There are 2 protein chains.
Amino acid sequence: MKQGQIPTLKQIAKRLKLSTSTVSRALKDHPSIGLVTTMRVKKLAAELNYEPDNRAIFFKQQKTFTIGVVLPNLSEAFFSTAISAIEDMATAHNYTVILGQSLDDEARELKILESFKKHRVDGIIVSLSKNTNNFDFIETFQKMNIPVVFFDCVPDREDVYRIVSDLETGMIEAINTFVSCGHNRIALINGPESLLASKQREEGFIKGLKSNDINVNRDYIFHTNLSEKGNQEAVEELLSLVDRPSAVICFSDYVTLDAMKLVREKGLVINQDIFFISFANFPIWNHIENKPMASIEQFPGKQAEKAAEILFDLIKEDETNKGNHIIYPSRLIHLDSSKQTSL
Amino acid sequence: MKQGQIPTLKQIAKRLKLSTSTVSRALKDHPSIGLVTTMRVKKLAAELNYEPDNRAIFFKQQKTFTIGVVLPNLSEAFFSTAISAIEDMATAHNYTVILGQSLDDEARELKILESFKKHRVDGIIVSLSKNTNNFDFIETFQKMNIPVVFFDCVPDREDVYRIVSDLETGMIEAINTFVSCGHNRIALINGPESLLASKQREEGFIKGLKSNDINVNRDYIFHTNLSEKGNQEAVEELLSLVDRPSAVICFSDYVTLDAMKLVREKGLVINQDIFFISFANFPIWNHIENKPMASIEQFPGKQAEKAAEILFDLIKEDETNKGNHIIYPSRLIHLDSSKQTSL
DNA sequence: CTGTTAGCGCATTCAT
DNA sequence: ATGAATGCGCTAACAG
């Protein structure tokens with residue numbers, strides 16, 4: 001009574017006095033099956049609401065038509081945009097997506113990867129947790145022939161497929177913008193030093209300053225572990241400098257939110273006493289007073305889409321070495337600040 | 001050479017000169033297998049890095065140990081909190097989660113459900129798109145014995161499992177708060193009339209006014225389709241009333257963001273000329289100047305967790321009719337407004 | 001305590 | 001153009 005309803009190939013075959021193979025082929029428009037038979041089969045299949053049982057197909061084909069995606073945090077607009085892009089690509093390829101949030105916790109990330117492995121996903125897309133230091137899992141999946149593609153937060157190794165945003169372009173635009181507004185005391189609140197993303201920001205920062213003939217002052221480079229507390233500590237330090245910076249570039253929009261909050265509490269006026277530019281360009285800025293001057297767009301959708309594209313190529317074993325390091329430029333987006341100075 | 005590495009039960013059995021069933025049982029600590037044998041099997045399995053092939057297990061057990069979740073939009077904090085809760089529950093039950101975003105598009109929602117059906121998920125959790133009117137899919141899944149649980153945005157039918165937040169409690173608190181601050185011209189910017197959630201808000205609104213002996217003025221109830229344009233139109237109307245409301249309750253924090261933006265552009269000062277309370281309580285308020293007075297928390301995590309709990313009960317066929325309509329109270333959260341009036 | 005056997009639903013190879 | 005036979009990896013009923 002339970003599953004009695006769900007029709008199988010065999011049932012269709014019996015009802016039509018055909019063999020399962022004929023039915024199977026008819027359903028797939030195999031050329032060697034007669035038109036009449038094909039029609040009869042399809043008709044009954046439609047009537048019975050037949051659906052092939054994916055479980056059997058997965059088993060037979062040694063595939064699951066499923067990819068796994070590990071992200072730090074869905075609540076960040078950056079990643080929800082990314083996952084939407086991946087989902088769309090997956091749908092287009094007739095794949096489904098299983099998901100895990102690492103919440104920037106290395107152990108949790110590993111558990112998710114474990115579960116993907118057990119699930120026998122056909123491929124994996126990862127944007128690393130900010131605290132991941134152990135990359136042994138890469139070898140594990142290599143051995144199992146499960147392709148892995150990284151994006152955004154990627155390991156600092158050459159032997160992987162990875163897609164990143166070139167943070168230098170946006171960073172240099174940011175500095176040029178600040179300089180053209182007359183700033184020369186420009187600070188950077190950077191992320192954890194272990195991150196490739198932080199390294200790249202710092203390189204761009206220094207390059208940008210140099211190209212504007214500004215001395216690089218190491219005291220103007222701060223680091224945060226990206227927690228609210230860490231962000232505030234960095235800002236406290238920054239504000240207590242005798243020669244306080246007038247312009248600040250933050251690792252991300254979240255860092256900027258924390259920074260601006262503290263700055264306001266200290267009685268300083270944003271976009272008057274101190275100016276901000278940050279990374280990520282999240283959509284909410286347009287609804288906020290006293291936003292940063294600009295934010296650097298990293299095109300999460302594009303990055304994720306490319307990651308999915310490469311992954312599906314790898315799954316299809318088109319191992320056309322189309323370069324396993326893709327870099328997209330980032331771009332500075334000026335936020336409408338017409339209301340900012342009117343306060 | 002490809003899959004040659006991946007060990008199976010059979011291989012372990014051959015190497016150990018045992019039968020596959022013995023190996024299978026040993027790996028599961030079946031009591032009828034001798035300790036020595038169990039040890040030998042486990043040792044070799046560990047050496048070979050054996051992992052059972054879920055595809056075969058799915059097939060054999062007629063299950064996928066996978067649940068599907070359909071949500072409107074991952075980028076809303078409400079839903080990303082919800083999905084985290086579901087994920088945690090799923091992990092605890094050894095299940096994986098496949099995900100789809102409807103983006104409030106009925107057709108897209110249906111496609112996602114289709115794909116879940118093909119994937120033979122063991123159960124489904126849905127928070128409906130704001131534009132869904134056709135609920136035929138409920139019958140389809142019923143027929144296939146795939147349990148479905150709704151939360152937050154649920155169908156207005158009795159014969160389904162659903163978990164919602166009781167919007168009335170929060171709504172009444174909101175009105176009481178406004179009244180105690182001296183407001184009596186209180187407006188509601190509500191969502192689409194077709195939504196159960198809108199209906200409930202309106203009921204609470206009217207109840208709250210009545211209990212405070214305030215006449216219900218129908219002109220103070222507005223509707224928006226929740227698009228930015230719709231939100232703004234509602235606010236335009238509201239502001240153009242001769243007897244302009246001094247206090248506004250909005251359908252959600254997103255509506256409030258749009259509303260406050262427009263209000264500012266009109267030169268009005270928030271928390272002085274006009275006051276807001278809204279639904280959802282998203283985390284970013286604490287980082288924003290000129291936030292609403294309060295926001296009504298709907299506990300997405302709790303709702304989602306409960307939905308998952310019920311779903312897993314249904315999957316296990318513990319069809320203990322533990323009530324298929326669960327309601328959690330909502331609660332007004334006062335936002336720290338110390339900085340608000342100091343501008 | 002351990003082995004043998006059968007079968008889940010489907011795709012496929014080999015016959016006819 | 002169609003059918004029969006096989007096997008994917010695993011579990012479980014049955015047999016010893």
Side-chain angles (χ1 to χ4, degrees), chain A residues 2-42 44-45 48-65 94 117-122 144-145, chain B residues 2-42 44-45 48-65 94 117-122 144-145:
Chain A
K2 210 93 261 252
Q3 319 268 19
Q5 334 280 23
I6 299 180
T8 67
L9 279 189
K10 204 191 283 181
Q11 293 176 27
I12 299 186
K14 190 164 18 163
R15 293 249 242 147
L16 258 34
K17 302 204 187 302
L18 291 168
S19 73
T20 58
S21 24
T22 306
V23 177
S24 169
R25 286 187 279 237
L27 255 13
K28 305 194 136 49
D29 289 308
H30 194 285
S32 76
I33 301 294
L35 186 57
V36 235
T37 318
T38 304
M39 297 298 275
R40 285 178 62 218
V41 169
K42 286 202 172 179
L44 183 60
L48 295 182
N49 237 308
Y50 171 77
E51 303 242 23
D53 186 339
N54 270 345
R55 288 169 296 213
I57 297 177
F58 291 173
F59 179 46
K60 178 73 183 168
Q61 321 248 306
Q62 298 281 64
K63 284 189 151 205
T64 50
F65 300 99
N94 263 305
K117 195 171 66 181
K118 279 203 289 211
H119 206 276
R120 292 285 207 268
V121 294
D122 294 341
M144 297 187 71
N145 261 301
Chain B
K2 209 95 264 245
Q3 319 268 20
Q5 334 280 23
I6 299 180
T8 67
L9 278 189
K10 205 191 282 181
Q11 293 176 27
I12 298 185
K14 202 189 324 184
R15 293 248 244 147
L16 257 35
K17 300 200 187 307
L18 290 168
S19 73
T20 57
S21 28
T22 306
V23 176
S24 169
R25 287 187 279 238
L27 255 13
K28 304 191 140 48
D29 288 311
H30 193 288
S32 76
I33 301 293
L35 187 56
V36 235
T37 319
T38 304
M39 297 299 274
R40 283 179 64 219
V41 170
K42 287 202 172 180
L44 184 58
L48 294 181
N49 236 308
Y50 170 77
E51 303 244 21
D53 187 339
N54 269 345
R55 288 168 299 212
I57 296 176
F58 292 172
F59 178 47
K60 177 73 181 171
Q61 320 250 322
Q62 297 282 65
K63 285 190 149 202
T64 50
F65 299 99
N94 263 305
K117 195 171 66 183
K118 280 202 290 212
H119 206 277
R120 292 283 207 272
V121 293
D122 295 341
M144 297 187 71
N145 261 302

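Naming: A, B, ... by sequence-line order, numbering from 1 per chain. The model shown is predicted, which means the values in this text are computed figures rather than measured ones.
- Atom pair B/F59:CZ and C/dC8:P shows a separation of 8 Å (rounding to whole Å applied).
- The residue A/K63 sits apart from the nucleic acid: no heavy atom pair falls under 4.0 Å.
- Looking at B/Q62 and A/I6, their side chains never come closer than 4.5 Å, going by heavy atoms from C-beta outward.
- Considering only heavy atoms from C-beta on, A/L9 comes within 4.5 Å of A/Y50 through its side chain.
- Taking a 6.0 Å sphere around NZ of A/K118, one finds it holds 12 or fewer heavy atoms contributed by other residues, nucleotides or ligands.
- Taking a heavy-atom distance under 4.0 Å as the criterion, the stretch of DNA chain D touched by chain A extends 5' to 3' from D/dA1 to D/dG9.
- A 4.5 Å side-chain heavy-atom check between A/L16 and A/V41 finds at least one atom pair inside the cut-off.
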- Task: Summarise how protein sits on nucleotides 10-16 of chain C as a single string, 5' to 3': B when a protein heavy atom is under 4.0 Å from the base, S for sugar-phosphate-only contact, - for no contact.
- Result: BBBB---
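- In this structure, B/F59 and A/F58 have side chains that are not in contact, with every pair of non-hydrogen atoms separated by 4.5 Å or more.
- With rounding to the nearest 0.5 angstrom, the OG atom of B/S24 is 10.5 Å from the CD1 atom of B/I12.
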- Item | Residue pair A/L48, A/R15: steps toward the side-chain contact (heavy atoms from CB on, under 4.5 Å) verdict | CA-CA 11 Å; A/L48 295 182; A/R15 293 249 242 147; 3.2 Å; yes
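- We find that A/D29 and A/K42 are joined by a salt bridge, their nearest charged nitrogen and carboxylate oxygen being less than 4.0 Å apart.
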